[in-house]
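Structure incoming, see below.
The chain is numbered in sequence order, starting from 1. Note that ligands are numbered from 1 as they come in the structure, with each ligand's atoms numbered from 1 the same way.
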Amino acid sequence: MIDGDFSNIDQATIKSLRMMQKYALMHFASEEEYLGKINYPDIEEHIEKHRELSGKIKQYRDDISEGRLILNTELMRVLQGWLQDHILVEDMKYCQYASNK
Ligand SMILES: [Fe+2]
């Protein structure tokens, strides 16, 4: 592939990842605001996990944009797994804290 010469599928892939990243950032920002409001004691650790996830999504997006990586079903499964794990494990910790206040 010539640099910058993406097929429609590549463009759709990059657009999907961009939307995923945008959604994740919006979700993380509103969640971090909420964690501040409830004085969640592990807020810094939680924010760091958000940064790690955002960084990984951005890295994938950059790698795909620059032709170093091809998004496939397996990669989508990995991305989905990270978000699910975060919601089911890390987010549940503050839910527990909030419900016990
Ligand atoms: Fe979170």
Side-chain angles (χ1 to χ4, degrees):
M1 177 175 34
I2 299 167
D3 281 349
D5 181 22
F6 297 112
S7 70
N8 287 340
I9 293 172
D10 292 330
Q11 291 293 353
T13 297
I14 291 164
K15 190 175 176 186
S16 297
L17 269 179
R18 193 176 294 137
M19 286 172 63
M20 185 182 186
Q21 186 184 21
K22 193 174 170 185
Y23 173 79
L25 289 175
M26 278 173 34
H27 170 76
F28 292 163
S30 65
E31 195 177 83
E32 289 164 14
E33 189 182 330
Y34 173 71
L35 295 181
K37 281 182 186 165
I38 64 170
N39 295 315
Y40 184 54
D42 297 326
I43 188 170
E44 293 305 323
E45 184 185 331
H46 200 99
I47 289 173
E48 183 54 33
K49 291 190 186 304
H50 285 172
R51 298 291 170 271
E52 285 172 21
L53 271 175
S54 301
K56 285 177 181 176
I57 295 171
K58 183 185 180 307
Q59 185 63 56
Y60 274 149
R61 207 184 93 190
D62 289 348
D63 287 347
I64 290 167
S65 293
E66 292 163 24
R68 292 189 296 267
L69 185 68
I70 295 170
L71 186 66
N72 55 29
T73 311
E74 184 57 33
L75 184 51
M76 282 305 287
R77 209 170 283 142
V78 168
L79 289 169
Q80 186 183 13
W82 286 342
L83 290 174
Q84 275 179 345
D85 285 351
H86 181 78
I87 292 165
L88 294 174
V89 178
E90 298 305 326
D91 290 351
M92 285 305 120
K93 290 179 185 173
Y94 79 75
C95 287
Q96 190 77 29
Y97 171 80
S99 66
N100 288 334
K101 278 191 89 176

Of all the N, O or S atoms in H86, which has the shortest distance to the Fe ion (ligand 1)? NE2
May I ask you to check if any N/O/S atom from E90 comes under 2.8 Å of the Fe ion (ligand 1)? no
Within-4.5 Å side-chain heavy-atom neighbours: Q80 and M76: no
If you check every N/O/S atom of E31, which is the one nearest the Fe ion (ligand 1)? OE1
Whether H46 has an N, O or S atom under 2.8 Å from the Fe ion (ligand 1): yes
Would you check if H50 and L25 make a side-chain contact, meaning some heavy-atom pair closer than 4.5 Å? no
Could you check if a side-chain atom of R68 sits within less than 4.5 angstrom of a side-chain atom of Q59, using non-hydrogen atoms only? yes
Taking the side chain as everything from C-beta on, heavy atoms only, tell me whether D42 gets closer than 4.5 Å to K93. no
Taking just the N, O or S atoms of H50, which one is nearest to the Fe ion (ligand 1)? NE2
Do Y40 side-chain atoms and A98 backbone N/O form a donor-acceptor pair below 3.5 Å? no
Give a yes or no on whether D91 keeps an N, O or S atom under 2.8 Å from the Fe ion (ligand 1). yes
